[in-house]
Novice: 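Please see the structure below; I have some questions.
These numbers were taken from a predicted model, which means no experiment stands behind them.
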Amino acid sequence: MEPYEMSVSQAAHALQEREISSRELASSFVQRIKEVEPKVKGFANILDEAKILTRAELVDKLRLAGENTSLLAGIPMALKDNMCTRGVATTCASRFLENYLPPYDAHVVEKLEEAGTILLGKSNMDEFAMGSSTENSAFHFTRNPWNTDCVPGGSSGGSAALVAAREVAFSLGSDTGGSIRQPASLCGVVGLKPTYGLVSRYGLIAFASSLDQIGPVTRNVQDCALVLDVIAGHDSRDSTSVDRDKEHYSQFIGRDIAGFKVGVPREFFEQGIDPGVKDTVLNAVEKCEELNVDIEDVSMPHSPYALSAYYLVATAEASSNLARYDGIQYGYRDKESESLIELYYKTRSEGFGPEVKRRIMLGTYSLSSGYYDAYYLKALKVRTLIRGDFENAFQNYDFIITPTSPTVAFKIDEKIDDPLTMYLNDVYTTPANLAGVPAVSIPCGFHQGLPVGLQVIGRPFDEGRMLQFCHALEQSLGVKDIMPSFSVEGSV
Amino acid sequence: MNINIKEVEHVAELARLNLSEEEKQLYTRQFNVILEHIDKFNELDLEKVEPTTYVQPLKNVLRADMAVSSEKKLLEEVLKQAPDREGGLFKVPPVLE
C-alpha cells in the first residue's frame with residue numbers, strides 16, 4: 001500500500017508508531033498529485049512543494065520533541081478555496097478574488113494548523129460556492145475521479161474529488177444547500193454538514209450567512225469524526241457560534257446502535273429521482289434492519305417546498321453579502337472608470353461570473369420593494385414549516401434517512417445551461433440547511449458504475465450518535481474507502 | 001407571478017450590474033422559469049405562520065468597548081490588497097464632478 005492510500009486514521013496510527021514520517025507521507029501525496037491531478041484538476045491552487053515538505057519536517061520535529069501529540073499532526077489535506085489562509089491565495093474560484101491574499105486565517109485554518117495538519121492546496125469550487133457541479137469555477141472544471149467525463153458535484157467539488165482521487169487524506173468543504181453532501185455523494189466519499197453554529201464561520205467567505213456551515217470531507221466515517229473533533233467548538237469571532245461543552249465525536253465510533261429509531265420520509269423518494277438511485281438507497285435502508293434498528297415510514301409534508309424557500313433565502317442573503325465586492329478595499333477593480341458609480345457597475349459586471357450575477361439578481365428581486373412579501377417573507381415562513389417537519393419527526397425518530405442527490409454524477413455541460421434543472425440537484429439537501437440540523441452523506445452503493453450517496457439527518461448537535469450510526473451502517477454495507485479504478489493504475 | 005425585462009433592468013440597477021441586451025433577455029426568461037417553480041408554495045396557507053430568519057435563538061454578542069491596536073505589519077497586509085491606495089488610504093475615483 002502506498003502511503004497516500006492510507007485513511008486519516010491509518011496514517012495517524014502509522015505516524016504515531018513512527019512507521020512513517022510526516023515528510024514521507026507528504027511526499028507520497030505530492031507524488032500522487034503529480035500523477036493524477038492533470039486528470040482531476042481538483043485544486044484551485046497547489047502549494048509549493050518545498051513549502052509543503054518544510055512544514056512536514058517541522059511537524060516531525062515537534063512530534064519527536066513531544067510537543068504535538070494531536071492525532072491529525074502530519075496529515076496532508078486541502079481546504080476549499082473560500083476559507084481564508086493568511087498569505088495564501090483565496091480566490092473563491094472568482095475573477096474578483098483571483099489575486100486576493102487574506103491578511104488572516106479562518107478559525108478552522110487556525111485549528112487545523114494548531115493540530116499540525118499539512119496544507120497541500122486550496123480546492124476548486126463553484127464561484128462563491130454557487131453551483132452544484134463546480135462548472136461555475138472561473139478557472140477550470142474539476143472532473144469526477146470515477147468518470148472524468150462527469151462533474152464531481154458542487155460547490156465543494158474540488159474538496160470531494162481530491163479525497164476520492166487520494167490526492168489528499170481529507171479536506172474541508174462548506175455547505176449552504178448541499179455543497180458538501182452532494183459532491184461527497186457524487187464522488188463516493190463521506191461529507192458532513194454540521195449543526196448550524198457548531199463550527200465557526202470566521203474567515204469563511206460568506207454566501208448565505210444563516211445557512212453556511214463548514215464540514216469535513218473524508219474517505220470514511222471514522223475519519224469524519226476525527227476531523228470534526230478538531231474543527232468543532234466555540235469561537236467568539238462568529239456571533240452564531242454556539243458555546244457548549246466540547247464533545248469527542250471519535251469516541252462514538254464503534255458503539256452499538258441496536259434500538260436506534262430511523263424514519264424514512266416518503267416525500268424524498270417520489271419526484272424526479274433516478275430509479276437506480278432509489279433502489280440503491282432503499283437496499284441500504286433494508287440493511288439497517290439487520291442491525292436491529294427500527295425503520296419506519298415518516299411523512300415530512302413540507303419538504304417539496306424546501307427548494308423554493310432555499311433559493312429565495314440563499315439568494316437574498318447572497319445579494320446582501322456580495323454587496324461588499326465594490327472594487328475599493330480588495331479584489332478586482334475596473335481601472336478605466338472615471339467616477340465612483342461607474343466603478344461600482346463596471347467592477348461588479350466584469351468581476352462576477354454568470355451564475356453569481358443570476359443569484360445576486362434573484363436575491364435583489366425578492367428583497368425589493370413590492371416583492372418582499374410575495375417572495376422573501378413567504379420563504380421565511382416556509383422555513384418555519386420545514387423546521388416543524390423535522391421537530392415532529394425527531395420526536396419519534398433518532399435519524400432521518402434519505403437519498404443525498406436524485407441522480408449519480410452527470411456529464412459535464414449536461415445541465416449548465418438550465419439553472420432550474422441544476423438547482424433540482426439540491427432538492428434533498430436544502431431542508432437540513434433551512435432547519436439548521438446536521439446531515440451527512442455516506443456512500444451506499446453504485447448505480448451505472450458511479451457512487452450513490454445516502455443522507456442521514458439528525459437532531460441539532462447530535463453529530464456523535466449520527467456518526468456512530470453511520471459507522472455501523474458503513475461497516476454493514478461494506479462500501480467504505482472506495483477508490484476509483486484509475487487510482488489502481490496510478491499505484492505501482 | 002411574471003417578471004418582465006423592465007423589472008430585470010431595475011433589479012440590475014439596484015444590484016449595480018450592467019447587463020447586455022442578451023443577458024437581460026436570458027435572465028428574464030430564466031427568472032420566469034425559476035419563479036414559476038417557486039410560486040408552488042402559494043399552495044400553502046402561510047397566513048398564521050411566523051417567519052424564521054435564524055434557526056437558533058439569537059442574542060446580541062457584545063465585547064468590551066476597548067480599542068485594540070493591530071500589528072503594523074497587518075495594516076500593511078490589508079492595504080496591499082487594495083486595487084489603488086495612497087499611503088495608508090484607499091484611493092477611489094472622484095465621487096463628485
Novice: At a heavy-atom separation under 4.5 Å, does L211(A) approach chain B through its side chain, its backbone, both, or neither?
Specialist: neither
Novice: Go through S210(A), S236(A), A379(A) and name the one with the most non-hydrogen pairs under 4.5 angstrom from chain B.
Specialist: S210(A)
Novice: Considering only heavy atoms and a distance below 4.5 Å, find which of T384(A), L420(A), V242(A) pairs most often with chain B.
Specialist: T384(A)
Novice: When you measure from the side chain of R383(A) to the backbone N and O of T53(B), does any donor-acceptor pair fall under 3.5 Å?
Specialist: yes
Novice: Are the side chain of Q56(B) and the backbone N or O of Y196(A) linked by a donor-acceptor pair below 3.5 Å?
Specialist: yes
Novice: Can E13(B) and Y345(A) be counted as having a side-chain donor-acceptor contact under 3.5 angstrom?
Specialist: no
Novice: Pair I341(A), R16(B) - check side-chain contact (heavy atoms from CB on, under 4.5 Å), show working.
Specialist: CA-CA 8 Å; I341(A) 189 79; R16(B) 300 288 183 268; 3.5 Å; yes
Novice: What part of L367(A) gets within 4.5 angstrom of chain B, counting heavy atoms only: side chain, backbone, both, or neither?
Specialist: neither
Novice: Are R387(A) and T52(B) packed together at the side-chain level, in the sense that at least one heavy-atom pair is separated by less than 4.5 angstrom?
Specialist: yes
Novice: Is the closest side-chain heavy-atom distance between Y365(A) and V8(B) below 4.5 Å?
Specialist: no
Novice: Is it the backbone or the side chain of V437(A) that comes under 4.5 Å from a heavy atom of chain B, or both, or neither?
Specialist: neither
Novice: Using a 4.5 angstrom heavy-atom cutoff, name the option from K335(A), E350(A), R86(A), H302(A) with the most pairs to chain B.
Specialist: R86(A)
Novice: Non-hydrogen atoms of chain A under 4.5 Å away: do they reach the side chain of K91(B), the backbone, both or neither?
Specialist: backbone
Novice: Less than 4.5 Å to any heavy atom of chain A: does that hold for the side chain of L44(B), its backbone, both, or neither?
Specialist: side chain
Novice: For E77(B) and Y104(A), what are the C-alpha separation, side-chain angles and deciding distance, and is it a side-chain hydrogen bond (donor to acceptor under 3.5 Å, both in side chains)?
Specialist: CA-CA 9 Å; E77(B) 272 180 61; Y104(A) 69 107; over 6 Å; no
Novice: Check V382(A), L385(A), L307(A) against F41(B) for a side-chain contact (heavy atoms from CB on, under 4.5 Å) and give me the one that passes.
Specialist: V382(A)
Novice: Report, in residue-number order, which members of residues 351-363 of chain A are under 4.5 Å from chain B by heavy-atom distance.
Specialist: F352(A), P354(A), K357(A), R358(A), I360(A), M361(A), L362(A)
Novice: Are any of the side-chain heavy atoms of N18(B) and R348(A) separated by less than 4.5 Å?
Specialist: no
Novice: Measuring from atom CZ of R85(B) to atom CD1 of I328(A), what distance do you get when rounded to the nearest 0.5 angstrom?
Specialist: 15.0 Å
Novice: Indicate yes or no: at least one non-hydrogen side-chain atom of P94(B) is less than 4.5 angstrom from one of E338(A).
Specialist: no
Novice: Top residue by heavy-atom pair count (under 4.5 Å) with chain B, among G87(A), P460(A), A435(A), S368(A)?
Specialist: A435(A)
Novice: Passes side-chain contact (heavy atoms from CB on, under 4.5 Å), Y375(A) versus L35(B)? Steps please.
Specialist: CA-CA 9 Å; Y375(A) 288 117; L35(B) 292 173; 3.8 Å; yes
Novice: Under 4.5 Å heavy-atom distance to chain A, tell me which part of F31(B) shows up: side chain, backbone, both or neither.
Specialist: side chain
Novice: Non-hydrogen atoms of chain B under 4.5 Å away: do they reach the side chain of N99(A), the backbone, both or neither?
Specialist: backbone
Novice: Please look at E47(B) and chain A and tell me whether the side chain, the backbone, both or neither of the residue comes under 4.5 angstrom of a heavy atom of that chain.
Specialist: backbone
Novice: Drop me the distance from L19(B)'s CG to S349(A)'s OG, to the nearest 0.5 angstrom.
Specialist: 7.0 Å
Novice: Just wondering, do Y305(A) and E43(B) contact through their side chains at under 4.5 Å, heavy atoms?
Specialist: yes
Novice: Flag the pair R333(A) / V92(B) as yes when at least one side-chain heavy-atom distance between them is below 4.5 Å, and no otherwise.
Specialist: yes
Novice: Measure across V55(B) and L434(A) and return the closest heavy-atom pair with its distance rounded to 0.1 Å.
Specialist: CG1-O, 3.2 Å
Novice: Measure distances from L79(B) to the heavy atoms of chain A and classify the residue's part below 4.5 Å as side chain, backbone, both or neither.
Specialist: neither
Novice: Where on K346(A) is there a heavy atom nearer than 4.5 Å to chain B: the side chain, the backbone, both, or neither?
Specialist: both
Novice: Can you tell me which portion of T347(A) sits under 4.5 Å from chain B's heavy atoms? Options are side chain, backbone, both or neither.
Specialist: neither
Novice: Give, as side chain, backbone, both or neither, the part of S366(A) having an atom under 4.5 angstrom from any heavy atom of chain B.
Specialist: neither
Novice: For P103(A) versus L74(B), what's the shortest heavy-atom pair and its separation?
Specialist: O-CD1, 3.1 Å
Novice: Side chain, backbone, both or neither: which part of V61(B) has an atom under 4.5 Å from a heavy atom of chain A?
Specialist: side chain
Novice: For E86(B), does the CD atom have more than 12 heavy-atom neighbours from other residues, nucleotides or ligands under 6.0 Å away?
Specialist: no
Novice: For the residue pair P83(B) and G327(A), what are the closest heavy atoms and their distance?
Specialist: CG-O, 3.4 Å
Novice: Can you pull out the residues in residues 309-324 of chain A with any heavy atom less than 4.5 Å from chain B?
Specialist: A309(A), L312(A)
Novice: Which region of D238(A), side chain (C-beta onward) or backbone (N, CA, C, O), has a non-hydrogen atom less than 4.5 Å from a non-hydrogen atom of chain B, or is it both or neither?
Specialist: neither
Novice: Quick check: does any side chain N or O of K381(A) sit under 3.5 Å from a backbone N or O of E50(B), one acting as donor and the other as acceptor?
Specialist: no
